[in-house]
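For reference, the structure discussed in these notes is given below.
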Amino acid sequence: MPGLSPVSDPALERPEPPAGAKSAGQAPTRRIYLDYAASTPCDPAVADLMRRIAVHEFANPSSSHTAGQRAAQYVETAREQVAAAINALPEEIVFTSGATESNNLAILGVAAAAEKRGDSRRRIVTLGIEHPSVLGPCRHLSKRGYHLAIAPVHSDGTVDLAALEATIGDDTLLLSIQTANNEIGTIQPLAAAARLAHDHGALVHSDATQALGKIPFDVEILGLDFASFSAHKCYGPKGVGGLWVCGGPTRAPIVPLLFGGGHEHSLRPGTSNTPAITGFGEAVRLASERLPEDARRIATLRNDFETLIQDRIKHTTLNGALDNRLPGFSSLTFKDIDADALVARLPDLHISAASACHSGTPEPSPVLRAIGRSKEQAHASLRIAVGRSTTRAELHYASRRIAEAVCRLQELGA
Ligand code: PMP
């Protein structure tokens with residue numbers, strides 16, 4: 001099978017960078033992409049399919065003529081593919097523009113439904129290490145009279161179940177707890193957390209964006225009510241994702257945030273993006289098929305990389321639940337360096353000092369702070385995420401480059 005990454009496969013044609021793109025034309029020849037947590041390349045088979053759909057199946061899937069019905073069939077096939085990957089029913093999948101929208105819809109839509117039916121529950125429970133698209137709507141609700149409770153996590157990033165139990169009460173409307181963290185990769189004890197919430201009659205939503213296609217995710221085993229997904233984290237296109245709604249949107253305690261046509265079981269109006277949805281379905285199907293082999297190979301590469309780094313750079317700390325992490329994820333804290341300065345010294349490596357959603361802010365990573373790292377340690381941390389196309393040779397090169405740069409910064413006292 002040819003390499004999938006346009007980044008590491010010179011045989012794949014790379015388009016010219018757009019005019020004005022930062023440092024266009026000056027990039028070093030060797031570039032290694034190790035930021036698969038921020039986004040993954042679209043699988044070429046998925047991209048080919050999407051192109052064919054965009055060109056040939058452009059009819060509106062809501063149109064009743066045969067071209068429209070054919071387009072609708074592609075959307076329904078994708079719904080079946082996503083449902084099959086998580087052991088759900090197709091009618092329980094709602095397509096959205098991505099996990100940001102799915103998270104907002106789940107949290108705000110559940111609250112709006114509760115208000116509509118006169119439910120007096122006004123407590124929302126979540127974790128401080130959630131993605132901003134979970135924390136944002138939760139904070140929004142807290143300004144509208146909801147009580148927002150942040151359950152603590154242990155130093156490996158897993159939720160403290162005893163503290164969670166004490167946080168959830170009969171006034172809890174919703175527990176929103178991620179499946180796996182986007183920075184340190186820690187996987188949460190979801191089934192146990194969901195049971196605690198259900199014991200109090202609360203609903204449970206999980207942001208499963210980083211988990212889909214990387215670890216087994218079975219909604220029946222986990223016992224959730226809602227789960228959010230995004231295609232671009234599992235080798236599908238950007239700008240499309242889904243919300244799984246237990247029992248389907250017409251029966252579940254959730255109402256739409258937008259008003260328009262009756263698309264997506266009237267929970268999410270707007271003309272279906274047939275190419276993107278088709279690509280999402282196919283990407284999820286491929287990821288499920290490849291999951292056992294990919295997970296094993298990628299975890300081995302990540303572990304070997306961490307060994308190389310720890311051998312080369314003394315006093316390196318690994319963050320997260322080391323035996324219970326997403327396969328490709330590695331969060332590393334070095335001693336006495338500034339990670340932004342480190343990243344700036346390594347233009348040949350596409351790596352992040354923090355998650356892409358957090359970069360650009362001067363604040364230290366809230367995830368690393370929540371697991372007990374000091375501000376200085378959080379500023380001295382890198383996130384590496386290995387993916388399908390990563391090779392052992394790339395990781396050898398990357399570990400050497402990172403080690404050289406860390407040592408240089410330590411010498412400079414920067
Ligand atoms: N949740 C998590 C855990 C994520 O990592 C991301 C993407 N960084 C999102 C939600 C948002 O996903 P999207 O880009 O599809 O809006």
Side-chain angles (χ1 to χ4, degrees), residues 33-42 46 78 82 86 93-108 126-139 153 157-159 176-188 190 205-215 217 224 226-244 257-258 268 270 273 276-277 279-281 283-284 287 319-321 325-331 350-361 365-368 370-371 383-387:
Y33 186 81
L34 292 172
D35 203 12
Y36 287 82
S39 200
T40 57
C42 201
V46 169
V82 175
I86 64 169
I93 305 295
V94 172
F95 289 119
T96 65
S97 64
T100 296
E101 183 187 338
S102 300
N103 288 337
N104 275 267
L105 176 56
I107 295 162
L108 301 177
T126 191
L127 308 183
I129 62 170
E130 295 287 337
H131 189 266
S133 58
V134 166
L135 290 172
C138 289
R139 290 193 182 117
V153 293
T158 52
V159 64
S176 183
I177 175 168
Q178 61 192 198
T179 308
N181 187 261
N182 53 309
E183 228 174 292
I184 56 177
T186 293
I187 299 167
Q188 296 296 337
L190 267 197
H205 162 251
S206 187
D207 176 2
T209 305
Q210 291 288 353
L212 184 65
K214 295 182 192 135
I215 53 171
F217 184 87
L224 308 170
F226 303 94
S228 303
F229 310 105
S230 181
H232 75 100
K233 305 289 184 177
C234 55
Y235 305 87
K238 292 169 184 59
V240 63
L243 180 68
W244 167 72
L257 303 181
L258 303 176
R268 202 278 187 173
N273 184 344
I277 290 172
F280 180 26
V284 170
N319 302 308
R325 278 183 295 172
L326 292 174
F329 279 56
S330 179
S331 169
H350 296 302
I351 52 179
S352 292
S355 73
C357 303
H358 188 68
S359 63
T361 69
S365 149
V367 174
L368 296 176
I371 64 167
R383 177 184 70 173
I384 304 282
V386 172

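Atoms within a ligand are numbered from 1 in the order they appear, just like the ligands themselves. Everything quoted here is computed from the prediction, not taken from an experiment. We're numbering straight along the sequence, starting at 1.
Considering backbone and side-chain atoms together, A99 places an N or O closer than 3.5 Å to an N or O of ligand 1. For the pair Q210 and ligand 1, the shortest N or O to N or O distance falls below 3.5 Å. The shortest N/O to N/O separation between S133 and ligand 1 does not fall below 3.5 Å.
Qualifying side chain to side chain contact (heavy atoms under 4.5 Å, CB included) partners for A231, counting only residues two or more places apart in sequence or in other chains: P237, V240, F280. Scored by the ring pair (Phe, Tyr, Trp, His ring centres under 6.0 Å) test, F229 finds F217 as partners (sequence neighbours excluded).
Looking only at atom types and distance, the side chain of S230 has no donor-acceptor partner in the side chain of T209 under 3.5 Å away. Looking at E183 and S365, their side chains do bring a donor and an acceptor atom within 3.5 Å of each other.
Contact between H232 and ligand 1 is present, with at least one heavy atom of the residue lying under 4.0 Å from the ligand. Put simply, no part of G241 is less than 4.0 Å from ligand 1, judged by heavy atoms. Using a 4.0 angstrom heavy-atom cutoff, K238 does not count as in contact with ligand 1.
Put simply, the residue from I107, N104, I177 that forms a side chain to side chain contact (heavy atoms under 4.5 Å, CB included) with V134 is I107.
Judged by distance alone, with hydrogens and angles left aside, the side-chain atoms of T40 form a donor-acceptor pair with the main-chain N or O of H232 at under 3.5 Å. Without hydrogens or angle criteria, K233 side chain to A38 main chain gives a donor-acceptor distance under 3.5 Å.
The contact set between ligand 1 and G98, taken as ligand atoms under 4.0 Å from a residue heavy atom, comprises 15 (O). Near S230, with a cut-off below 4.0 Å to any heavy atom, the atoms of ligand 1 are 13 (P), 15 (O).
At a 4.0 Å heavy-atom cut-off, ligand 1 touches T100 through backbone and side chain alike.
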